[in-house]
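Heads up: the structure comes next, in structure tokens.
Just so it is clear: chains get the letters A, B, ... in the order the sequence lines come, proteins before strands, and each one is counted from 1.
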Amino acid sequence: MSIPLNYYIVLSMILFSLGIAGVTTRRNPILIFMSIELMLNAVNLSLIAFGRYLGDAGGQMLTIFVMAVAAAEVSVGLGILIAIFRTKDNVDVDVLNGLKG
Amino acid sequence: MNFGDIHAAGAPILMAVGGCVVLLTDLASKRSATRKFGTFLAILFCIASMVCSYTLGGQLRTAFSNGIAVEGLVVTMQILLAAIAAITIVASSEILQSFHLPKGEYRALILLASAGAMVLVQSLDLVNAFVGIEIMSVAFYVLAGYRRAQAASEEAGAKYFLMGAFVSAILLFGIALIYGSVGLAMKANGLELPQGYSFTNIVTISKAIHQVPGFGTSPLFLLGAVMLIGSLMFKAGVAPFHMVAPDVYQGAPAPIAGFLATTSKVAAFTILMRFFTILAGADTGAAINVVVIGLALLSIIVGNTGAANQKSIKRLFGYSSVAHGGYIVLGLLASLGTESQAAAITAVTFYIVAYAITTIGSFAVVAWLGKDGEDADAISAYRGLGKRNLGAAITLGIFLLSLSGIPLTVGFLTKLGVFMALLSAGGTWVAVVALIGSAIGLYAYLRVISEMFFVDSTQQETSSTDGASKLVAVSAATLVIVMGVFPSQALLPSFEASVTAPPVSGDEVK
């Protein structure tokens, strides 16, 4: 007996919502970024579930693209955050308040 | 895969190869020797890319298992993107020198971002669109934070990165939901997947929308479509996802800000235009219309009121880009009606091209007037500019008038085109609200003009040495006037011709 598709989609939506909640409430950019990774993995789960259910390889293919792109984003993002850490000694998003008007 | 496929994808391939070549050349040779040569090499690849796009002509052709489609509109946009990249590289060579920033990486990033934007405009499959948007965005994050030593630029990069990655996840969830809903609907209704197309292909989605009854209003698809449209709107800097745009444009060096503002809009709105052509005439309930009207009007109001009373001119242009995003979305709204579709697509294309020219020019003026390695960012620095540097004041004045939509500039014609399309689609009250927004925007732009010409100042003469920015600014101002005074002679016919290529519809796959 296999698990119905709906279970995967509901789980994926719950994970995605948790990720959104993390992005909106956390102050530390690293934790924000971890929440974004959670959102991406929620998407991966739903893509694989849909792909498996439809008997289509497209979902799995897109998942591999997502993983590759996420890795590229991490490398660029951490670089930017380290650059800030060098000048400010603190990377909380609260200190990113120089630009306003 | 064959030569035809490679040719069809030639423009982004050339830009990507160019990015790698420029980077490696820079690495292999002595810094001082490569300055002119690296610029020359980068421009060469931009021109090769333009030629490659141009030779594709206006007819529709698909390649790479229908993953990409090239027609007149795509060719126009790819040539525009390559031109923006070339102009940015030329305009920023002197400003990078005075900021003591590395140039090789900069040129490579501009080329790679443009390659991503080109992949995005020609993609027919949402998977390609996702890859294109990420290639573009990752390069954008680095460019926004390119002036590492300056806190504002760093902050702009970090904000852009965190918001951009967040929105990319939402975009992906939208694609996943569309993928699943299309697949499930076709399976449930016994429809075959069109030969050679995938479930994420726009043609397949179009088939599902037009052939499966009730699909357009199914919650799974609508949620996916709204997420997709919303996140592409963020990439184009439309309210309420605009929070980052003014910050990024203020924080980034002026030529980079101009590049970010134009390339992102060209790419995101072109793929949105293609997505909207399959929604046209489909029964999607009121949801998508309501979302699009809401985004457009919110951007116009927020952008124009935000631009009023700004102290920073780059921030003013940032808010202005939000407002102009709103007008372009109004054009997209008109393209949802089957009768007004052709006029709306022409209007939107023309708007995007004109906006790109005006914005590149405006930021070039900011770089031109900069001194001591700083952009002329504060609006108070423009007080009495008409007496000190009449040429710069007139050039900036032309851009400001065009942005506010005064006749005899191209900004008037583009706004007119969008409003005409909107009226023929029956959106009278929407047009009225948008006009009120424009009136507010007029105040913001005229305030700067009055500062320049009608306020005396004791500031010292600014003697700028940035010849490249000056050249870009003056030629863009000339284009704005020429396109505004002689629209039919200048560029309009080629636009009309280029968009007569049929939009991709569900019919051709039967």
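- Only the side chain of B:Lys187 comes within less than 4.5 Å of a heavy atom of chain A; its backbone N, CA, C and O stay farther away.
- Proximity to chain B involves both the backbone and the side chain of A:Leu54, based on heavy atoms less than 4.5 angstrom apart.
- Using a 4.5 Å cut-off on side-chain heavy atoms (C-beta onward), A:Phe50 and B:Ser181 make no contact.
- Looking only at side-chain heavy atoms (C-beta outward), A:Met13 and B:Leu223 come within less than 4.5 Å of each other.
- The shortest distance between side-chain heavy atoms of A:Asn44 and B:Leu172 does not fall below 4.5 Å.
- Going from atom CG of B:Leu162 over to atom CG of A:Leu81 covers 6.0 Å, rounded to the nearest 0.5 Å.
- A 6.0 Å sphere centred on CZ of A:Arg52 holds no more than 12 heavy atoms belonging to other residues, nucleotides or ligands.
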Begin with the C-alpha distance, continue with both residues' side-chain angles, and end with the deciding distance and a verdict on side chain to side chain contact (heavy atoms under 4.5 Å, CB included) for B:Phe173 and A:Ser12. CA-CA 10 Å; B:Phe173 203 55; A:Ser12 139; 3.4 Å; yes
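- Note that CE of B:Met186 and CG of A:Asp56 are 11.0 Å apart. Values are rounded to the nearest 0.5 Å.
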Between B:Phe130 and A:Val69, is a side chain to side chain contact (heavy atoms under 4.5 Å, CB included) present by the stated rule, with each step listed? CA-CA 10 Å; B:Phe130 168 69; A:Val69 163; 4.0 Å; yes
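- To the nearest 0.5 angstrom, B:Leu177 atom CG is 8.5 Å from A:Phe16 atom CZ.
- Of the two parts of B:Ile135, neither the backbone nor the side chain holds a non-hydrogen atom closer than 4.5 Å to a non-hydrogen atom of chain A.
- Once rounded to the nearest 0.5 Å, the distance linking CG of B:Leu184 with CG of A:Leu5 reads 6.0 Å.
- For B:Leu220, the part lying under 4.5 angstrom from a heavy atom of chain A is the side chain only.
- In terms of heavy-atom pairs under 4.5 Å with chain B, the best-connected choice from A:Thr63, A:Ile32, A:Val66 is A:Val66.
- At a 4.5 Å heavy-atom cutoff, the contact between B:Val138 and chain A is made by backbone and side-chain atoms alike.
- Interatomic distance, CD1 of A:Ile20 versus CZ of B:Phe166, reported as 5.0 Å (0.5 Å rounding).
- In this structure a side-chain-to-backbone donor-acceptor pair under 3.5 Å is present from B:Tyr179 to A:Gly59.
- Only the side chain of A:Val23 has a heavy atom closer than 4.5 Å to any heavy atom of chain B.
- Between chain B and the options A:Ala42, A:Ala49, A:Gly51, A:Ala72, heavy-atom pairs under 4.5 Å are most frequent for A:Gly51.
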Please step through side chain to side chain contact (heavy atoms under 4.5 Å, CB included) for the pair B:Val127 and A:Phe65, ending with a clear verdict. CA-CA 8 Å; B:Val127 178; A:Phe65 274 113; 3.8 Å; yes
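- Taking the six-membered ring for Trp and the full ring otherwise, the centers of B:Phe161 and A:Phe33 sit less than 6.0 Å from each other.
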Quick one: do B:Glu154 and A:Ile80 satisfy side chain to side chain contact (heavy atoms under 4.5 Å, CB included)? Show the steps, please. CA-CA 7 Å; B:Glu154 235 172 31; A:Ile80 293 175; 5.9 Å; no
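- In this view, B:Phe363 and B:Phe317 satisfy the ring-ring contact (aromatic ring centres under 6.0 Å, His included) rule, not counting sequence neighbours.
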